[in-house]
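Letters A, B, ... are given to chains in the order of the sequence lines, protein chains preceding strands, and every chain is numbered from 1.
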Amino acid sequence: MLDIQSLRTNLPFVAERLALRGVTLDTAAFEALEAERKRLQVHTQDLQARRNTLSKQIGMLKGKGEDASAVMTEVAGLGDALKVGEAALAELMPRFDAFLELIPNLPHESVPVGKDETGNVEVLRWGTPRAIAAPRDHVDLGTALGGLDFEAGVKISGARFTVMKGRIARLHRALTQFMLDLHTLTQFMLDLHTGEHGYTEVYTPYLVNPESMFGTGQLPKFEEDLFMVPRSDGGKLYLIPTAEVPVTNLVRGEILAGDSLPLKFVAHTPCFRSEAGSYGKDTRGMIRQHQFDKVELVQMVRPDQSWEALEQLTGHAEAVLQKLELPYRKVALCTGDMGFSAAKTYDLEVWLPAQNTYREISSCSNFESFQARRMQARFRNEKNKPELLHTLNGSGLAVGRTLVAVLENYQNEDGSITVPAVLRPWMGGAEKISAA
RNA sequence: GGAGGGGUGGCAGAGUGGUCGAAUGUACCUGACUCGAAAUCAGGCGAUGUCGCAAGGCAUCCGUGGGUUCGAAUCCCACCCCCUCCGCCA
């Protein structure tokens, strides 16, 4: 959510920045709402003030045992006007809030201007794709190895669900879990992030309430992208589309001590996305699923440190790719391609030989105070006053897509997969995965 | 699921219809004392919104939402959450 003051005092600027995102701010509608709000609020609060003053007089008169009937008659005359004013305000304010809540964040000045993904700017390339003659994709490779079963996923749940088996499942676990078994790759990811990067591991609920979804910006605008679980009492829970939601909401409604920042969390969770509106996209393979695992990095920082933190956090995600020796590129999303809540986003795209292109495997964003304002997440600043903190997050990494990248980049001519050296401790020392 | 208890400021904890945004303690800030610190003493210290050039004023907030009343932290209704015990359960 944007700062309402910025709209009041600098509406043309806000509209101009939003226009870069392809969003047209209805400034006339805002000004009308604001004028109405001001008129009603001043009027109603004035009536409330008079009522309060007179009521206090009644209390004082009665305390002294004097007659208060004249004052009581006077205050009774305020009743109707007050009720009308309060009712009008109660009707207006939700409309006012709804208007604000649907406005996306303003892009940071360093964000390249563009209208869609073609406007994104490559910041760097790391690694050189290995020359692979006639590369096979992860579907062929995984199916041939008996480790990916797309038909089973369809039978059990439907399109965009996959079953993993055997050593591929273990490879995925190696890429995902920390302490479930003796050695896993997510343990490697989590070890890297908790050990070398200073993050605290958290385990969170996978079902969250609407307030949490509002806090990070998924609601109210993007409900169709979520899986909703109705409760017997009429309430709702949502399956998390990313660990960003439960982890960031850890600080919702809190006023943190200034010296507790920055907070850095890492969480491994499944992620659930309905993928509404992407019916024809990436229908083959594991690229776009309703359920996938992700290791997520989240930071809460002081406002003056969030831009440094974004570079740092992105570097942490890059380190995973570098240790896996997967070629990737780092892209600064342009104004027209950024998500609703982000002020700036870097995507990391990993090389996929079978697609002969780079595909998104991580998205790292600084939300500045946009989420914090929705969540009322604050810290005590130098003046001991509550101040909104800044939030950031990034995938470190999406595990399913990392598995795809490992299968495709480490494939051998005979269809076997070389296990990346850094993963072998979590694969029982295995150097290769081959058929039977 | 059953029975009981409870949700008040950063924390602890008073307050059961009126001068209560709320005693007190603690934390924190400022000052005094000190070479400095601790201790002690004095003063200050909630949040949000809003009006105003400013000084400052006003409104709202005592789990949430309704209601009663001239007036609600306090009374009524519903809901949420926490704690204790019993039952059930991985």
Let me know the distance between CG of A/D46 and C1' of B/A59, rounded to the nearest Å. 10 Å
Are any of the side-chain nitrogens in A/K165 or A/D149 under 4.0 Å away from the carboxylate oxygens of its partner? yes
Using a 4.0 Å heavy-atom cut-off across all strands, classify [X] as base, sugar-phosphate, or nothing.
X      : answer
A/R50  : nothing
A/N52  : sugar-phosphate
A/L54  : nothing
A/E211 : nothing

Between [X] and [N], is there a side-chain N or O to OP1/OP2 distance below 4.0 Å?
X      : N     : result
A/Q5   : B/U50 : yes
A/K38  : B/G52 : yes
A/R378 : B/G46 : no
A/R51  : B/C58 : no
A/K385 : B/A47 : yes
A/R8   : B/U50 : yes

State yes or no: are the ring centers of A/F222 and A/F340 separated by less than 6.0 Å? yes
Base partner of B/U34, which must satisfy Watson-Crick or wobble distances under 3.5 Å: none
Would you mind pulling out the nucleotide paired to B/U60, Watson-Crick or G-U wobble, both distances under 3.5 Å? B/A47
With respect to the side chain of A/S55, which nucleotide from B/U19, B/C58, B/C70 is positioned closest? B/C70
